[in-house]
Amino acid sequence: MIASINPATGETLRTFEAATAAEIDACVARADAAWHSYRRTSFAARAGWLTAAAQILENEQDRLGRLMTLEMGKPIAAARAEAAKCALACRYYAEHGERLLADEAVDAGPGRAFIRYQPIGAVLAVMPWNFPFWQVFRFAAPALMAGNVGLLKHASNVPQCALAIEEIIRRAGFPADVFQTLLIGAAAVEGILGDPRVKAATLTGSEPAGIAVAAQAGRQIKKTVLELGGSDPFVVMPSADLGRAVKTAIQARILNNGQSCIAAKRFIVDARIADEFERRFVTGMAALRIGDPMDESTDVGPLATPAILEELESQVSRSVAMGATLLTGGHRLPRPGNFYAPTVLAGVPENAPAYREELFGPVAVMFRARDIDDAIRLANDTAFGLGASAWTADPADQQRFIDEIESGMVYVNAMVASDPRLPFGGVKRSGYGRELAAHGLREFVNIKAVKVA
């Protein structure tokens with residue numbers, strides 16, 4: 001049974017029966033058949049369908065946003081913005097996809113040589129609940145533009161979002177079965193990956209889930225792209241605009257109720273300004289409005305599931321027991337739903353959960369750096385390497401952060417964010433491969449070298 005449960009109240013909204021093995025096989029068969037004809041469609045046709053999808057997303061962002069908020073609890077304004085961002089991705093690939101996939105001439109001596117990018121077939125997308133539309137569309141828009149077809153295994157707590165995405169793509173005019181939602185549990189993924197009609201997989205989610213999918217796909221010699229966890233540093237140096245840095249730091253930590261892989265989680269501040277930054281940051285975190293995510297004035301809504309709440313509560317309590325200092329928050333709220341108070345920790349021991357593990361909720365960890373060398377050391381002292389935000393007006397410091405921080409993205413004097421125009425992905429245990437931009441478009445294609453003598 002797959003259930004849609006309102007995390008703000010605990011109310012079960014709808015339940016769905018998981019697809020049977022026979023139903024899954026039929027979906028895969030339809031996807032395979034659809035690809036053989038869809039791959040012959042023109043770039044212009046695909047661009048038209050993507051543009052139509054963008055229009056639906058923009059026109060219906062309030063309805064779609066409410067669906068996201070009901071299923072996983074993000075503040076309603078952020079949910080509407082997510083739908084609009086999906087439209088932006090669709091338009092980006094509609095406008096630029098053909099150029100990015102065009103044949104590339106190569107000077108390889110006598111005759112004619114070029115590189116051709118061709119679709120590979122059905123791609124399985126294993127997607128998370130935290131950005132239930134954006135995570136899917138940042139895969140679907142480039143995959144469909146490239147001529148592939150998609151099979152979506154969405155997180156089990158957002159089934160209505162999963163079905164709504166399939167409906168949008170169908171209403172946009174895409175041919176039947178080029179994008180299908182499978183309401184299935186995690187146990188069904190291995191069988192789908194083992195099906196020779198499925199050519200590749202992409203996963204955004206936890207490190208254990210990524211390991212499982214990569215291992216399963218590896219046994220079949222199938223391409224995977226993994227976007228996993230993050231424990232992003234937010235580094236602030238004395239030359240930074242402190243007011244802007246503090247305001248952005250709060251926003252970067254509570255983004256999506258703190259449930260974002262690229263949310264800033266570790267705040268590394270030069271010791272010369274650490275007292276003032278900490279005072280302002282803690283005051284700001286403590287003042288956030290927690291409540292009904294459907295209320296426009298709410299800053300922080302509930303965590304998506306009771307299990308996430310329990311895990312976060314355990315990580316914080318164990319870290320405090322090991323010697324971390326609690327500056328604000330540190331407790332669940334005594335009300336229905338999965339609410340946790342915005343929290344700031346300092347003095348966290350190196351072996352504590354809050355130092356070594358990803359904190360998926362509104363919990364920030366403060367560090368003090370002696371100088372830029374120490375700040376870079378602390379920034380890199382993690383198994384993850386997704387994104388990093390560095391705040392400094394010094395050009396030399398900026399260059400060092402860009403060159404020396406071990407991550408897939410570095411944003412200077414700005415919050416880390418995904419953008420269709422820029423590649424998105426990490427290094428180390430944050431995964432491999434890239435989404436978005438030209439790099440994401442070309443992840444699931446056959447890069448074919450052609451030589452005509």
Side-chain angles (χ1 to χ4, degrees), residues 28 31-51 53 89-106 108 112-127 135-153 169 174-175 177-180 192-193 195-204 213-214 217-218 220-227 408 418-426 431-452:
V28 174
D32 184 55
W35 176 68
H36 283 89
S37 59
Y38 182 66
R39 69 189 298 266
R40 304 294 181 189
T41 60
S42 67
F43 286 121
R46 298 173 203 165
W49 296 322
L50 280 174
T51 300
C90 290
R91 292 191 188 281
Y92 175 81
Y93 286 106
E95 294 169 6
H96 301 285
E98 182 173 5
R99 174 180 59 82
L100 296 174
L101 292 169
D103 289 350
E104 293 182 19
V106 177
R112 184 166 61 100
F114 60 93
I115 300 165
R116 176 160 292 175
Y117 300 100
Q118 294 182 311
I120 58 173
V123 181
L124 174 65
V126 182
M127 293 288 108
Q135 304 277 14
V136 177
F137 272 97
R138 78 183 191 195
F139 151 73
L144 293 173
M145 190 65 198
N148 294 311
V149 303
L151 291 166
L152 172 62
K153 185 276 181 240
I169 291 173
F174 282 93
D177 301 321
V178 302
F179 188 92
Q180 298 176 76
I192 298 171
L193 281 174
D195 193 309
R197 295 168 296 185
V198 175
K199 305 303 182 184
T202 180
L203 177 141
T204 298
V213 165
Q220 306 295 326
I221 320 296
K222 292 182 180 179
K223 174 74 177 288
T224 53
V225 169
L226 303 180
E227 195 269 282
S418 54
D419 183 320
R421 298 165 294 187
L422 294 170
F424 183 95
Y432 53 74
R434 291 295 180 265
E435 297 178 295
L436 302 176
H439 303 77
L441 183 63
R442 295 172 181 171
E443 283 285 4
F444 296 116
V445 296
N446 176 16
I447 304 173
K448 182 180 285 186
V450 179
K451 181 72 182 284
V452 182

| request: Please check if atom NE2 in H96 has more than 12 non-hydrogen atoms from other residues, nucleotides or ligands closer than 6.0 Å. | output: yes

| What do you reckon, is NZ of K448 surrounded by more than 12 foreign heavy atoms closer than 6.0 Å? | no

| said: Quick check with a 6.0 Å cut-off and a 45 degree axis cone: is R99 positioned over the face of F43's six-membered ring? | reply: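 No, R99 does not lie over the aromatic ring of F43.
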
| Who are the side-chain contact (heavy atoms from CB on, under 4.5 Å) partners of S418, not counting sequence neighbours? | K85, W134, R138, F424, L436

| request: State which residues pass side-chain contact (heavy atoms from CB on, under 4.5 Å) with A47; sequence neighbours excluded, sorted by chain then number. | output: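 Only A94, M145 meet the side-chain contact (heavy atoms from CB on, under 4.5 Å) criterion with A47.
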
| said: With heavy-atom distances below 4.5 Å as the criterion, would you say the side chains of V123 and F139 are in contact? | reply: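 Yes, at least one pair of side-chain atoms sits under 4.5 Å.
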
| field | Contact check, side chains of Q118 and L101, non-hydrogen atoms, under 4.5 Å | value | no

[X] versus [Y], closest heavy-atom pair with distance:
{"X": "A437", "Y": "R421", "answer": "CB-O, 3.5 Å"}
{"X": "Q135", "Y": "T204", "answer": "OE1-CG2, 3.5 Å"}
{"X": "I120", "Y": "A200", "answer": "CD1-CB, 3.9 Å"}
{"X": "V445", "Y": "Y117", "answer": "CG2-CD2, 3.9 Å"}
{"X": "Y432", "Y": "A214", "answer": "OH-CB, 3.6 Å"}
{"X": "F137", "Y": "C90", "answer": "CD2-SG, 3.7 Å"}

I need the [X] [atom1] to [Y] [atom2] distance, nearest 0.5 Å.
{"X": "R434", "Y": "R442", "atom1": "CZ", "atom2": "CZ", "answer": "15.5 Å"}
{"X": "E95", "Y": "L50", "atom1": "CD", "atom2": "CG", "answer": "10.5 Å"}
{"X": "K153", "Y": "L203", "atom1": "NZ", "atom2": "CG", "answer": "9.5 Å"}
{"X": "Y38", "Y": "F179", "atom1": "OH", "atom2": "CZ", "answer": "11.5 Å"}
{"X": "T224", "Y": "F444", "atom1": "OG1", "atom2": "CZ", "answer": "7.5 Å"}
{"X": "E443", "Y": "I447", "atom1": "CD", "atom2": "CD1", "answer": "8.5 Å"}

| request: Measure from the side-chain N and O atoms of N148 to the backbone N and O of A122, and report whether any donor-acceptor pair falls under 3.5 Å. | output: no

| request: May I ask you to decide if P119's main-chain N or O and R39's side chain share a donor-acceptor pair within less than 3.5 Å? | output: no

| query | After noting the C-alpha distance and the side-chain angles of L100 and Y92, does the key distance pass the side-chain contact (heavy atoms from CB on, under 4.5 Å) rule? | reply | CA-CA 11 Å; L100 296 174; Y92 175 81; 3.9 Å; yes

| message | Among V198, V126, D195, which residue satisfies the side-chain contact (heavy atoms from CB on, under 4.5 Å) criterion with L151? | response |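 Per the side-chain contact (heavy atoms from CB on, under 4.5 Å) rule, the option paired with L151 is V198, out of V198, V126, D195.
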
| said: Quick one, L144 with I169, criterion side-chain contact (heavy atoms from CB on, under 4.5 Å). Give me CA distance, side-chain angles, the key distance, then yes/no. | reply: CA-CA 10 Å; L144 293 173; I169 291 173; 4.2 Å; yes

| request: Decide yes or no on side-chain contact (heavy atoms from CB on, under 4.5 Å) for V213 and L193, but give the supporting numbers first. | output: CA-CA 8 Å; V213 165; L193 281 174; 4.0 Å; yes

| task | Take R91 and T51, measure what side-chain contact (heavy atoms from CB on, under 4.5 Å) needs, and give me the verdict at the end. | result | CA-CA 6 Å; R91 292 191 188 281; T51 300; 3.7 Å; yes

| W49 vs F174 aromatic rings, parallel, tilted or perpendicular, using cut-offs 30° and 60°? | tilted

